S.K.: 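What follows is a single structure, and I will ask about it in a moment.
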Amino acid sequence: MILRINSLFGGALTLIFLASSIPAMTYNNEVNSVSTDKELTTNLSLYQDIDNIVIENAEKAVVSVINYDKNGNYYGLGSGVIFKSEGSFQYLITNYHVVEDGATFEVVSWDMQRVYGIVIGYDSIQDCAVIRIPKLENANVAVIGDSSLVVVGEEVFAIGNPADISLKNTITRGIVSGLNRVVNETGTYLEQQKHAIQLDLAINPGNSGGALFNEYGELIGINTLKLTSDGGTAKYEGINLALPISDMFLAANRILSSAIIANDGTLLQNGTYTKSSLGIANFYSLRDISLSQRNQLNIPSSVISGVLVRNIYGVLSNPLNTNNIGEDSIIVSYNGTNVVDKVQLRSLVYNTLIGTNVSLTILKKVNNSYQTVVVTTKIVQSQY
Amino acid sequence: MKLYKKIAALVLGAMLLSSCQLIDKIDGVINSTSSSSSQSDNPISTSVDLDNTSFCQNAVNSDTNYTSSTSNVMNMSTASSIFAEVRESAVVVNACYAYNSSEYNYITSGFIYSKIDDTYYIVTNASGIFHRYISATTNITENDVIVIKDGDFEISFDDGKRYIGQFVGSYDAADLAVFAITTQDDIKLPTIGSSDELELGDSVLAIGTPSLGDSLINSLVRGTISGLGRRQQISYNQTIGIKQYTFSVADYSTFQFDAPVNGGMEGGPVVNSNGEIVGVISYKYLNDSSTVAYESLSLATPIDDLKLPIQKIIEDGEFIKPTIGVSIADVGPMTIVQRTANNINDNVYTGSYIAAVSTGSSASKASVGVGEVIVEFNGAEVKGMSQVSSQLLRLQKGDSVVMKTVDKSNVSHTYNIAL
């Protein structure tokens with residue numbers, strides 16, 4: 001299993017993981033330098049050479065991750081980024097789909113040094129995994145940028161290992177095509193939604209888990225997915241997606257902090273991830289609802305943002321259900337925060353511990369009209 | 001006349017890994033890479049001063065003297081001015097053939113390289129044009145030998161001019177073919193640059209004609225240098241004899257760039273931001289083992305590797321690469337298990353492992369040791385076979401070359417090898 005093809009937006013689009021028969025990607029957290037004084041170059045230059053020093057420093061943080069199955073056979077290739085260096089170890093961030101189904105992992109540094117890595121833990125929902133390797137003297141820890149500052153049109157470049165090891169540390173460049181694209185690699189439940197940065201640069205199978213840098217060499221995303229076709233014969237070109245470093249860094253640190261490691265470095269228990277869920281199965285950002293549907297549902301025109309819930313799962317046990325919140329309710333506020341859309345709501349839930357009570361403001365459908373109710377419900381564990 | 005796009009799917013053997021990629025034989029493209037040489041005379045110098053940004057404080061490389069002399073700018077006006085300079089030198093090499101009562105015209109790209117008296121010499125991609133030629137002429141079976149007939153090749157320009165192309169010679173192991181046209185017409189000569197000066201991240205342009213032919217003649221594409229010293233091992237399904245020459249396996253160095261290149265563009269020039277030709281478009285990665293098409297994994301042969309072969313082909317009709325007589329396996333692609341099996345020293349990550357030395361060869365006479373790893377050859381750092389191949393293309397029989405190795409105990413050796 002290498003290239004998983006997931007349907008995005010009702011199956012019309014084909015989404016593919018960027019792992020060469022295996023996906024991988026890593027990040028690095030030791031240095032958190034965020035430049036806030038970016039000067040956007042507003043000249044006519046469409047393509048300036050990327051500065052050598054920027055590339056040199058950036059590529060030293062990028063590795064290849066080779067995945068072998070339990071029989072020791074080559075299974076696939078991905079990329080990774082060193083995000084933390086501590087004691088005699090370094091830590092890579094990569095995609096979960098790069099390490100999925102692998103038994104042993106060879107990590108190849110920028111200068112072709114090879115070491116074995118172990119998976120400290122993963123977050124299958126955020127498609128994030130953390131790999132620990134012995135400290136590489138010649139490698140860099142990536143400078144973590146601020147993905148919230150990324151703007152459409154910004155010049156970026158990717159470093160990763162497409163195709164096979166002979167194309168190690170391939171540099172490709174382009175611009176940011178779009179922000180806050182919603183992708184669901186693993187399923188359609190609310191907790192499985194996430195944001196992605198859309199890019200026009202060339203990334204290919206094997207780039208998964210690799211680095212997306214801004215023009216200053218700061219890590220702003222992890223290359224993860226590409227759209228390959230509309231399902232027909234036409235192939236898409238240059239619709240590639242990276243997961244923002246803010247989300248990946250959070251997931252990686254959660255994995256690291258939850259792992260139990262003995263003093264001698266032995267991994268006693270894998271790191272884990274948040275499975276917080278509201279138990280919502282079928283939902284839409286209100287802004288995606290057509291006018292005719294709004295009329296049909298009788299949604300007041302004053303209600304612009306929020307998340308429309310069409311189904312809930314785990315019907316009997318679901319806290320929403322026990323609070324008598326049924327289909328076609330609209331969540332407009334979560335613990336006092338206005339709900340904008342489904343990905344923002346997912347992010348709010350994601351960062352709330354299971355078992356915590358949260359206060360929701362909900363427009364509840366009663367007799368074809370909406371009433372505002374405030375309910376307290378409990379965050380449950382995702383079934384997915 | 002109907003054109004059929006024939007793409008020869010060639011297998012690129014990924015050494016030591018079981019995966020194979022299909023790579024697409026593409027016809028000529030020009031890809032210009034901006035060289036790293038500092039150019040202060042760039043008409044529009046809009047470099048960003050990266051010194052002022054806060055990137056990578058944790059990774060200061062004190063060895064590197066960052067004086068920001070590097071910023072070559074490739075913007076709209078330079079791309080169009082470079083195109084205006086180079087387009088007159090860009091050609092289409094047409095393999096014309098009548099077969100089975102149909103006429104075929106298979107194309108590959110190329111460019112004018114030099115001029116001697118009234119003869120212009122044209123560089124193109126050997127497997128591109130010959131594979132198409134062979135495909136066009138007959139159903140070749142393995143080991144068949146095809147003899148090129150004069151008049152089968154025509155050279156055309158985007159102003160509509162068309163000439164009979166004489167086949168001068170080829171050097172298949174670097175996928176190079178040279179044609180000539182003789183004319184009193186004044187055709188612009190391009191500036192030939194240096195591929196050795198290319199650096200990662202440099203901007204390049206490429207010019208070529210995708211296989212649809214005249215309707216897409218001299219397509220200009222832009223990209224960035226993605227990688228240097230990529231080893232390409234190309235083997236052909238068919239054994240093709242060109243005159244007395246046998247076409248078999250190519251093993252040579254390429255550089256990688258991310259401009260979109262398509263079938264028909266191989267042989268076309270890759271140009272740096274100074275408008276100098278630095279490479280010859282050769283291949284693109286086509287797709288992985290499933291159905292996913294690769295995007296913009298394009299390869300070109302460095303022009304510095306071709307200068308001597310071109311010169312010898314023009315002078316003598318052929319280039320004979322000297323050999324040193326060793327069998328090599330690159331260390332870089334070896335797995336940890338393979339490294340252990342081959343007893344590679346822990347401090348050696350790259351280089352070319354000498355698996356065997358041929359009896360009576362140059363290497364044998366110099367007492368080169370089996371099991372050592374080549375780390376330097378002819379003054380160039382050796383990361384793998386790619387760099388050895390590059391240097392051998394710059395040497396001739398009778399030359400001597402200095403080769404440095406390290407052995408299993410990490411002891412260095414220096415050899416003077418008479419080729």
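Source: prediction; values computed, not measured. Throughout, a chain's letter reflects where its sequence line sits, starting with A, and its residues are numbered from 1.
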S.K.: Minimum heavy-atom separation for A/W110 and A/E59, please, with both atom names.
M.R.: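 Reported closest heavy-atom pair: CB-O, 3.4 Å.
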S.K.: Could you look at A/V115 and say if it's the side chain, the backbone, both or neither that has a heavy atom under 4.5 Å from chain B?
M.R.: backbone
S.K.: Using non-hydrogen atoms only, which part of B/V348 is less than 4.5 Å away from chain A: side chain, backbone, both, or neither?
M.R.: neither
S.K.: With respect to chain A, which residue among B/G229, B/S296, B/G332 yields the maximal number of heavy-atom pairs within a distance under 4.5 Å?
M.R.: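 Of B/G229, B/S296, B/G332, B/G332 has the most heavy-atom pairs under 4.5 Å with chain A.
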S.K.: If I take atom OG from residue A/S109 and atom CZ from residue A/R114, how far apart are they, to the nearest 0.5 angstrom?
M.R.: 9.5 Å
S.K.: Side chains of B/D196 and B/S194: do they bring a donor and an acceptor to under 3.5 Å?
M.R.: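 Result is no, nothing qualifies.
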S.K.: Of the backbone (N, CA, C, O) and the side chain (C-beta and beyond), which part of A/I159 lies under 4.5 Å from a heavy atom of chain B, both, or neither?
M.R.: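 Neither part; nothing is under 4.5 Å.
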S.K.: Among A/Y68, A/Y116, A/Y74, find the one that has a side-chain hydrogen bond (donor to acceptor under 3.5 Å, both in side chains) with A/E106.
M.R.: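 The single option meeting the side-chain hydrogen bond (donor to acceptor under 3.5 Å, both in side chains) with A/E106 is A/Y68.
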S.K.: With a 3.5 Å distance limit and no angle check, can you tell me whether B/T254 reaches the backbone of B/R230 through a side-chain donor-acceptor pair?
M.R.: yes
S.K.: Examine whether an atom of A/D111 lies under 4.5 Å from a heavy atom of chain B, and if so say whether it belongs to the side chain, the backbone or both; otherwise answer neither.
M.R.: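 For A/D111, backbone and side chain are both near chain B.
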S.K.: Let's test your reading of the structure: which of A/T170, A/I55, A/L167 forms the most heavy-atom pairs below 4.5 Å with chain B?
M.R.: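 That would be A/L167.
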